[in-house]
Every structure is written in structure tokens, then in C-alpha cells.
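I have a structure I would like to understand better, so I am pasting it below and will then ask my questions one at a time.
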Protein chains: 2
Amino acid sequence: MSNALASSIETPTLAVSTVIFALRPNADGCLQLATPLVRRIRAPFEGQWALPGGPLGADEDLASSAARTLRDTTGLEPRFLEQLYAFGSVDRAGGKLAERVVSIVYWALVAADEADRAIQNDNVRWFWADELPALAFDHNQIVDYALGRLRNKLEYSRIAHVFLSETFTLAMLREVYEAVLGRELDPGNFRRMVEATGTVEETGERLAGTRHRPPKLYRATTTAGETK
Amino acid sequence: MSNALASSIETPTLAVSTVIFALRPNADGCLQLATPLVRRIRAPFEGQWALPGGPLGADEDLASSAARTLRDTTGLEPRFLEQLYAFGSVDRAGGKLAERVVSIVYWALVAADEADRAIQNDNVRWFWADELPALAFDHNQIVDYALGRLRNKLEYSRIAHVFLSETFTLAMLREVYEAVLGRELDPGNFRRMVEATGTVEETGERLAGTRHRPPKLYRATTTAGETK
DNA sequence: GCAAAAGTGTTTGATATACACCCATGC
DNA sequence: GCATGGGTGTATATCAAACACTTTTGC
């Protein structure tokens, strides 16, 4: 069994890709999870949609590589970027003839306003995360895995703010939770939960112009390790 | 900034390493977390202790590579093996002259009886996980990271059984928790906690030969995805 | 006033913890 | 009997969920 080393002369290529999530209003006006994808311009899977990514540069760190390819292909600057998983099955590139690629995949979150600034053209497009077409490689599974991580991390960390701009109402924050988790939350209990964690503080301002009682505006508290 | 690609001709080497944990009785007779390390026989860090690992074979999956190098160097067959993290900082190999290595690190758990079968010689040795010497590369940080993951995973999964043989008493299972978490647990509450999760079932047997009331023997319930 | 969402209070049930106490064995 | 851990019962604190209710705006 140990002779697997013998064939290791042709070392696998190393690439870094990123799953990006933003919350965008859908046709009903509700927030919905969206992810930008890029069209492949080369075999294998030429013409199909795929995660943005590329080969790892010799003098860049893994996270830097993710941030760079993300900026180059989509124009986005994420507010949160974290390693997701390394995918390296021998057969994931599809055909036997294709070169073997090990992908270290990151996941990123961008605020709604930043998402609007993204490049969009024939080869870069936003998709709803739960209505993806058949993607290149094993990228459908990778997005699903990232979705699970996002939902999980939302519950024990403060990443939800990252989807919003600097100040926000608790209703907006709750909308983020509801969109990501896919279920409604009790406004009263949600308020208490957020207040108990101490992740937000009042700005002193209120949001005017609604046709109801004006809600308080909040900002994320600045603690060391903000997006952990 | 995008010209980082220009220098990517010399692609980084890809290696797979593994952090292995077992529980072994220490001088006091208490279980303590131990990890086997191998001595490096090449620069950089020649002579220093390091995680077992090696280059990824062209035709093996990432987890297979981890299992293989682990078996080759230590003789161990782990009952649990999971990807930990990919480490790829440009400067992690130490010297500027050293070749760049990206390591995909796995972590593994072995049962106590399996741990005794491990190879031990001048170049392979067990260390207590909380009393490690200065290791090669960034391997000290990697072990710490793995320790955190183990402690975390112990609380929401059923991996604790993996340290024990097929049948065990609840006191033995509690000892595992206490050794990993580093604090004592109330026997009564622990029993209820385990019973509530439904991860164990009675064998019907009892363990004789103790100098007190003979405790019931349990085994792990066999569910799909046993070690998740 | 009415609609609508903001924001508060209260009740209930589930769960974690502390700790008292009985049980069954070896010696 | 006595020591020792096995095993059970119970009171208390903490927290999440459900939901009723009051407040403040626009119209």
C-alpha cells in the first residue's frame, strides 16, 4: 500500500476558490441568500458556472489568494472571509484525462451595498443559493456545505452584522437571521437574545420615515476579533 | 496586485499531515491526552519532532493519504479521521530559502489498546499533548488547534467512545470526558446526560472484580454516521 | 381612530447543576 | 461492618419559547 508514493511525481495542482454569500431582495421584497458565480472559459466544464477561484500564487497566503481572485473576478471586497474545507478527491475533476486539482475553498460574506457594486456581465452573475444550476466540478456540494456552515455559525457568532451596513434596526438584523435560517423568529425573543449577547449597542438615533413607531438604530459593538 | 499570478510558476508543494490523539494512563494512573510524533530526518528542522505526514500521492484522496502516512510512520489505524485545516502561510517553513509547503492537516483518534500497538523507537515517540517540546514548522499551533476541535466536538458528538474498546462502563466514558475537558464531572449528571443522548446501550453484562458494586457494561449504539 | 410594527412583561417548559442518599460488591 | 464507587432522586437556577399587551408613529 505504501507504494502510493511512487506515483507522486506528478504533484496535484493547488487552487483556491471561494463561496460568496450576500443577502439580496427577491421579487417579493424579502431578503434571500445569493451567491455570485463565474462562467468557465476552459475545459473541463467549459461554459458551466463555477465558484470564483484560481491557482495559488507562489508568494501569497491562502486567504490572500481567495481575496484576490474574488476581487479580480467579481470586484467584491468581503467583510468576512474564512477557510471552509479542502476538497481533493481523485475523481472530482470529472474525466480521467483531466489534471488533478486540490481546491482549498474559502467562504465569504459581503454586505448588501457591497453586493450591488459587484461586476455583472455575461460571465459573472448572481444566483439564488437555493436555486443553483448544475455547477462545474463538485461545486454544488461545496455551496451546500458552505450554507450549512453559515447557518451554524450564525447561531454562535456575530457574523450576521456583516450582511448589514454600519447602523441597522433590530428588525433588519432579525430579517437577516430569518433569511439565512429560513424560518420566522419571534420579534420579542429575538430582541432579548441579541441584547443578552451584547453584540450590538444603541446609536441613540432612530430610523424615521416608516409608517409606524420609529425603531432605534444600532451598531455592532467593536470587540477584539469582531467577526469570529 | 493581480500580478501575483505572474510568479505562480513554481507551484507550492502539497503535503498531508495528521494530529493523532489517544488517552494513555500517566504516572498517577489517570488518563491523559497523548500524541505520537516523528523525528524529522531532513532539513528544515532536522532532528526536531513533527507531525507524521508526507507528500500527497497523485492517485490518493486526502484522507487516504493521511491514513497511509499514519500507518507507515506510526503503525496506527485510527478509528476516527477528519480534516482539521489547511495551513499555507508563505513563511511557515521557517527560512526564506526553504521550499514552500501547503499542509492539509487531518486529526485522528485511536483507542487505548490500538495506541499500545504503535511503533515506538528513536524516531517515533508518544508525548503528552499539554507538554510538547518545540516542534518543527508551526506544528505546536496546529496541535493546539486540534485540541480545541477535540474538546469542542466531544460536547456535541459521540466521538468519546472512539477512545474506548467495544464495551465500557459509564465511569470509563466519564474518565474520557474528564481527561479531554480537563475537569471533573458529576457522576450522576453525567449518567443522565449520556442516557438522554441515546448514544449508548446496555450490553446486559456487568464488570466484575472491582471492589465495589459491579457497574453495567455499555456499548455505543450503532447509528448511521457513527463517529460524526 | 386605525393599522402596523416597536418594544415590554409574563408564563411555561426544558435543561443544567448541585448535592443528598441508597445500593451492591470486596475485603 | 466498612469503604468505595455505582446508581437514583430531588431541589434549584437558568434559559428558550410562546404569547399577551402597551407604545408610537403614519395615514
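Every heavy atom of this structure was used, including side-chain atoms; hydrogens, water molecules and symmetry mates were not. Reminder, nothing fancy here: chain letters follow the sequence lines and each chain counts from 1.
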Whole angstrom is fine here: how far is it from CE in B:Met193 over to P in C:dA18?
14 Å
Whole Å only: how far is the CG atom of B:Asp186 from the C1' atom of D:dT12?
14 Å
Would you mind classifying the nucleic acid contact of B:Ala208 as base, sugar-phosphate or nothing, using non-hydrogen atoms under 4.0 angstrom?
nothing
Would you mind classifying the nucleic acid contact of A:Thr169 as base, sugar-phosphate or nothing, using non-hydrogen atoms under 4.0 angstrom?
nothing
Geometric cation-pi criterion B:Arg24 and B:Trp126, 6.0 Å radius, 45° cone
yes
Nearest to the side chain of A:Glu195, heavy atoms from C-beta on, is which of C:dA6, C:dT8, D:dT25?
C:dT8
Verify the contact: side-chain N or O of B:Arg192 to OP1 or OP2 of D:dG9, cut-off strictly under 4.0 Å; return yes or no.
no
Given atom CZ of B:Phe190 and atom P of D:dG9, what is their separation to the nearest angstrom?
19 Å
Inspect the contact between B:Arg219 and B:Glu201 and indicate whether a charged nitrogen and a carboxylate oxygen are less than 4.0 angstrom apart.
yes
Rounded to whole Å, please give me the gap between NE2 in A:His212 and P in D:dG26.
10 Å
Toward the 5' end of DNA chain C, by each residue's nearest nucleotide, A:Gly188 or A:Arg211:
A:Arg211
Round to a whole Å and report the spacing from CG of A:Leu185 to P of D:dA16.
13 Å
Decide, yes or no, whether a salt bridge links B:Arg117 with B:Glu114 under the criterion of side-chain N to carboxylate O below 4.0 Å.
yes
Within 45 degrees of the ring normal and closer than 6.0 Å to the centroid, is that where the cationic atom of B:Arg125 sits relative to B:Phe127?
yes
Between B:Lys216 and B:Glu205, does any side-chain N to carboxylate O distance fall below 4.0 Å?
no
Check the distance between C:dA6's P and A:Leu207's CG and give it to me in whole angstrom.
10 Å
Give one of base, sugar-phosphate or nothing for A:Ala171, where a contact means two heavy atoms less than 4.0 Å apart.
sugar-phosphate
With the side chain defined as heavy atoms from C-beta on, A:Asn189 is closest, among C:dA6, D:dG6, D:dA18, to D:dA18
C:dG7 phosphate, OP1 or OP2, under 4.0 Å from A:Arg191 side-chain N/O
yes
Which whole-number value in Å describes the distance from B:Lys216 NZ to C:dC23 P?
15 Å
Can you tell me how far C1' of D:dG6 sits from CG of B:Leu217, to the nearest Å?
13 Å
